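Numbers here are sequence positions counted from 1. No experiment lies behind these values; they were computed from the predicted model shown.
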Amino acid sequence: MTHKILPAALLLASLAASAYAQDIYKVQALTDQDLNGTARFVGMGGAMNALGADLSTMATNPAAIGLYRRNDFSLTGSFTSQPNGESFMDIDKSRASFDQAGIVFKTNVDGNSLKFVNFGFNYQKRRNFKQFIGINGLTGGLSQTQTMADIGYFRGVDLDYDDDYYSVPLFTGVGYDAGAIQAVRDADGNVTDYAPLAADRYEFKRAQWGGISQFDFSLGMNFDEQIYAGLAFGLYDVNQHSAVDYFEYQNNYAEGYLFQNDEKLKGSGFDVKAGVILRPIAESPFRIGLAIHTPTWYDLTYESYNYVSVPNYNDLGQVSYTEASDGIQPYDYKVRTPWKFSLAAATTIANKVALDVEYEYSDLTTASVSYPDHDDYYDYGGSGNRDYALKDEMKACLKGQSTIRIGAEANVLPGFFVRAGYNYVSAPMKDDAFLNHLVDGQSSNYASGTDFVNLGEINRLTVGFGYRHNNFYADFAYQYQAQKGTAYAFQVYDNDLGAKLQGQEIDLNRNNFMLTLGFKF
C-alpha cells in the first residue's frame with residue numbers, strides 16, 4: 001500500500017508538531033453559543049444590545065441593565081426538537097429544558113450625574129449540545145481501520161510492545177488488539193506496514209447531549225439618561241456527552257466491523273464582559289451600544305471509552321468475533337476562547353415600536369489550548385504547556401466568525417406586544433477543514449474517534465408575542481434555526497484506491513419554543 005494520505009507539505013507540517021487533533025472541533029463547540037435567554041430576547045432575535053432592559057442582555061451588553069427603573073424577576077422554559085433526528089442512546093429528538101432564571105435590583109441614586117446603579121444575576125443555557133447525526137453510504141473499499149493503520153505506519157511503531165502501544169491514539173491501540181489492523185513484518189520480524197480491513201459500506205450514528213450553563217453577575221449604571229455603562233462577571237459550567245456507533249460491512253457479509261466510542265467533557269470557566277450604551281442626542285431615542293467580551297478561560301476534564309469488534313470467518317462461512325476495549329482515564333486541559341466585540345444601534349418610534357440591529361465578531365483562530373502536564377518542545381519560548389501545533393491547526397481550519405442580529409417589537413394593543421427577529425452567523429470553519437490524526441507527539445495519543453462535522457452558516461428566524469398586566473408579564477417565542485454541515489465518519493486519502501471517503505451534507509435544523517413568566521416590582 002502506498003501511504004500518501006495528505007499532500008506532502010501538509011504531511012511534513014503535521015509530523016513536525018504535536019496536537020490534540022480532536023480538540024479543533026471541541027474548541028469550536030466551546031466558542032459557539034445558541035440564541036437563548038428570555039422569550040422576549042429570543043423573539044427579537046437577541047437584538048437588544050442597544051435597547052436594553054432585559055435580563056438576557058447581561059450576556060451580551062451588561063450596560064443594558066442600567067436602563068431598568070424597576071426590579072425584575074423571570075423564569076424561562078423551552079422545548080427543542082431536531083426534525084430529522086432519531087431516538088438513539090435513550091436520547092429523543094425532542095427535549096424540554098429550563099433555560100433562564102434571573103433578577104435585577106434597581107437602586108435610585110439620583111445624584112448630579114449618576115441616576116441609577118442596578119445589580120443583576122441571570123442564569124441561562126449558553127449551549128444546548130443535544131444533536132443527532134446519522135449517515136450511511138458506500139466506502140469505495142476504504143475503511144475506518146485504514147486511519148488506524150496509517151497512524152501506526154507513520155509512527156513507525158510495533159504495537160506488540162507496550163512502549164510503542166501507548167504512543168498511538170486510543171482507537172488505534174484498541175483496533176490492533178481486536179485485529180482490525182494487522183502488522184506486516186519483514187523477514188527479521190520488523191514491522192514494515194499495517195494492513196487495514198476493506199469495507200463495502202458503512203452506517204454511522206452519533207448522539208450528543210448536555211450543555212453549557214452560564215451565570216452572569218452584573219452591574220449597570222445610568223448617567224444623566226444618556227450614558228449607560230455596565231460590567232458582568234460570567235461563570236460557566238460545561239457538561240458534554242456523546243456516543244458513537246459505527247458499523248462497516250465487509251465482502252457483502254451481514255456481519256461486520258463495529259466501532260463504539262463514548263466521550264465525556266466536563267469543566268468550568270469564567271469571563272468578563274463590559275459595555276456602554278450612548279444616546280448622543282438627548283432629545284432623540286436613538287442609541288448606540290458597544291460591548292467587549294474577554295476570552296472565556298475553561299478548565300476541562302476529558303475521558304473516553306472505545307470498543308471494537310471484528311468478525312472472523314472460517315472456511316464454512318461461520319463467524320466468530322474478536323473484541324477489545326479500553327478507555328482514557330480523565331485528564332485535564334485548558335481552553336481559552338477568542339475575544340468578542342459587538343456594535344449595535346437602536347431606536348424607538350412613538351413609544352410603540354422598537355428596532356435594533358447589531359454586528360458581532362470573533363476570530364476563532366486566536367483560541368488556544370494548553371495542558372498542565374504537557375511540555376511542548378515547539379514552545380517558541382512560551383509558557384511550556386501551550387499547544388502551538390494545535391494553534392497552527394486552528395489557523396489552518398478555523399476562521400473569523402461574524403454575527404448579524406436584527407430585531408423589532410411593536411405594542412399593538414394596550415398590554416400586548418408582537419416581536420420578530422433574524423440572525424445570520426457565518427460558518428466557523430473553512431470548507432477543507434478536517435480532523436488531522438497524522439501528528440507526531442504525545443498529545444495526539446488522546447484522540448479516541450475519527451468522525452467530525454464541518455459546520456456551515458446559521459440562519460435564525462424568530463417571532464414572539466408578550467402580555468403585560470400590572471406587574472406581571474408573560475412572553476412566548478418561536479425560533480427556527482437552519483444550518484447545514486458536512487459530516488465525515490472518517491477521512492482517509494489513498495493513492496492505491498484513488499479515492500477518499502466523501503463527506504455527506506446533513507441538516508442540523510432546530511425548532512425551539514420558549515415561554516417566560518416574569519414579575520416587575
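- You'll find the ring centres of Phe452 and Tyr488 inside the 6.0 Å limit.
- In terms of heavy atoms, Asn261 sits closest to Ser304 at ND2-OG, 3.0 Å.
- Side chain to side chain, Ser97 and Lys125 meet the donor-acceptor criterion of an N or O pair below 3.5 Å.
- A side-chain donor-acceptor contact under 3.5 Å links Tyr302 and Ser448.
- For the 3.5 Å distance criterion, the side chains of Asp99 and Gln124 fail to qualify, holding no donor opposite an acceptor.
- Considering only heavy atoms from C-beta on, Thr296 comes within 4.5 Å of Tyr236 through its side chain.
- To the nearest 0.5 Å, atom CD of residue Gln481 and atom CG of residue Asn423 are 9.0 Å apart.
- Between the side chains of Asp177 and Tyr165, a donor-acceptor pair is found at a separation under 3.5 Å.
- Under the 30°/60° scheme for interplanar angles, the aromatic rings of Tyr194 and Tyr176 are found to stand perpendicular.
- The closest donor-acceptor contact from the side chain of Arg336 to the backbone of Thr366 lies under 3.5 Å.
- A distance of 7.5 Å separates OG in Ser56 from CG in Asn36, rounded to the nearest 0.5 Å.
- Heavy atoms of other residues, nucleotides or ligands lying less than 6.0 angstrom from NZ of Lys399 number more than 12.
- If you check the side chains of Asn49 and Thr60, you find a donor sitting under 3.5 Å from an acceptor.
- For Gln483 (side chain) and Gly456 (main-chain N/O), a donor-acceptor pair under 3.5 Å exists by modelled atom type.
- More than 12 heavy-atom neighbours from other residues, nucleotides or ligands sit within 6.0 angstrom of NZ on Lys430.
- Closest of all the heavy-atom pairs between Val42 and Gly37 is CG2-N, 3.9 Å.
- Atom CG of Leu300 and atom CG of Leu265 lie 5.0 Å apart (nearest 0.5 Å).
- Ring pair Phe98/Tyr123: centre-to-centre distance below 6.0 Å.
- Between Asn459 and Tyr480, every side-chain heavy-atom pair lies at or beyond the 4.5 Å cut-off.
- Not a single donor-acceptor pair under 3.5 Å links the side chain of Thr192 to the backbone N or O of Asp186.
- Judged by distance alone, the side chain of Gln479 and the main-chain N or O of Leu35 form a donor-acceptor pair under 3.5 Å.
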Next item on the list: Apply side-chain hydrogen bond (donor to acceptor under 3.5 Å, both in side chains) to Asn61 and Ser342, showing your working.
Entry: CA-CA 9 Å; Asn61 185 352; Ser342 67; over 6 Å; no
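- A donor-acceptor distance shorter than 3.5 angstrom exists from the side chain of Asp34 to the backbone of Asn128, with no hydrogens or angles considered.
- Here the side chains of Asp158 and Arg185 are in contact, with some heavy-atom distance below 4.5 Å.
- Residues Leu159 and Thr172 have side chains in contact (heavy-atom distance under 4.5 Å, counting atoms from C-beta outward).
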Check: Between Asp451 and Phe490, does a side chain to side chain contact (heavy atoms under 4.5 Å, CB included) hold up when you go through it step by step?
Finding: CA-CA 5 Å; Asp451 62 284; Phe490 63 92; over 6 Å; no
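- Between Asp245 and Gln260, the closest side-chain pair of non-hydrogen atoms falls below 4.5 Å.
- Under the 4.5 Å side-chain criterion, counting only non-hydrogen atoms from C-beta, Phe41 is not in contact with Thr516.
- A side chain to side chain contact (heavy atoms under 4.5 Å, CB included) with Ile212 is found for exactly one of Asn239, Val238, Asp237, namely Val238.
- Of the possible polar contacts, one joining the Gln82 side chain to the Phe132 backbone as a donor-acceptor pair under 3.5 Å is found.
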Checklist line | From CA spacing to verdict: side-chain hydrogen bond (donor to acceptor under 3.5 Å, both in side chains), Tyr478, Asn511 | finding: CA-CA 7 Å; Tyr478 166 72; Asn511 295 303; 2.6 Å; yes
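- Applying the salt bridge (Lys or Arg N to Asp or Glu O under 4.0 Å) test to every pair with at least one member in residues 297-306, sequence neighbours left out, gives these pairs: Asp299-Lys334.
- If you take CG on Asn306 and OG on Ser325, they are separated by 9.0 Å, rounding to the nearest 0.5 Å.
- Between Phe215 and Phe121, the two ring planes are parallel [angle under 30°; tilted spans 30° to 60°].
- The backbone N or O of Ala367 lies less than 3.5 Å from a partner atom in the side chain of Lys391, making a donor-acceptor pair.
- The environment of CZ in Phe341 is crowded: more than 12 heavy-atom neighbours from other residues, nucleotides or ligands sit within 6.0 Å.
- Rounding to the nearest 0.5 Å gives a distance of 9.5 Å between OH of Tyr321 and CG of Leu258.
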Next item on the list: Determine, step by step, whether Cys397 and Met429 satisfy the side chain to side chain contact (heavy atoms under 4.5 Å, CB included) criterion, reporting the C-alpha distance in whole Å, the side-chain angles of both residues, the deciding distance to 0.1 Å, and the verdict.
Entry: CA-CA 6 Å; Cys397 295; Met429 299 165 179; over 6 Å; no
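- Counting heavy atoms from C-beta outward, Phe79 and Leu515 have side chains that stay 4.5 Å or more apart.
- Under the 3.5 Å distance criterion, the side-chain polar atoms of Thr337 are left unmatched by any main-chain donor or acceptor of Thr31.
- Using a distance-only test at 3.5 Å, with no hydrogens or angles considered, no donor-acceptor pair links the side chain of Asp507 to the main chain of Asn509.
- Thr322 and Asn312 are linked by a side-chain donor-acceptor pair at a separation below 3.5 angstrom, with hydrogens and angles left out of the test.
- Relative orientation of the Phe247 and Tyr249 rings is perpendicular, given thresholds of 30° and 60° on the angle between their planes.
- Side chains of Glu248 and Tyr246: a donor-acceptor N/O pair is present below 3.5 angstrom, by distance only.
- Considering CG of Asp32 and CG of Leu455, their distance stands at 7.5 Å, rounded to 0.5 Å.
- Asp216 and Lys273 are joined by a salt bridge, as a carboxylate oxygen and a charged side-chain nitrogen come within less than 4.0 angstrom of each other.
- The minimum heavy-atom distance between Gln214 and Arg126, with the atom names listed, is OE1-NH1, 3.5 Å.
- Formation of a donor-acceptor pair under 3.5 Å by the Thr450 side chain with backbone atoms of Ala489 is found in this model.
- The side-chain heavy atoms of Gln131 and Arg206, taken from C-beta on, include a pair separated by under 4.5 Å.
- The salt bridge (charged side-chain N to carboxylate O under 4.0 Å, His left out) search around Asp164 returns none, not counting sequence neighbours.
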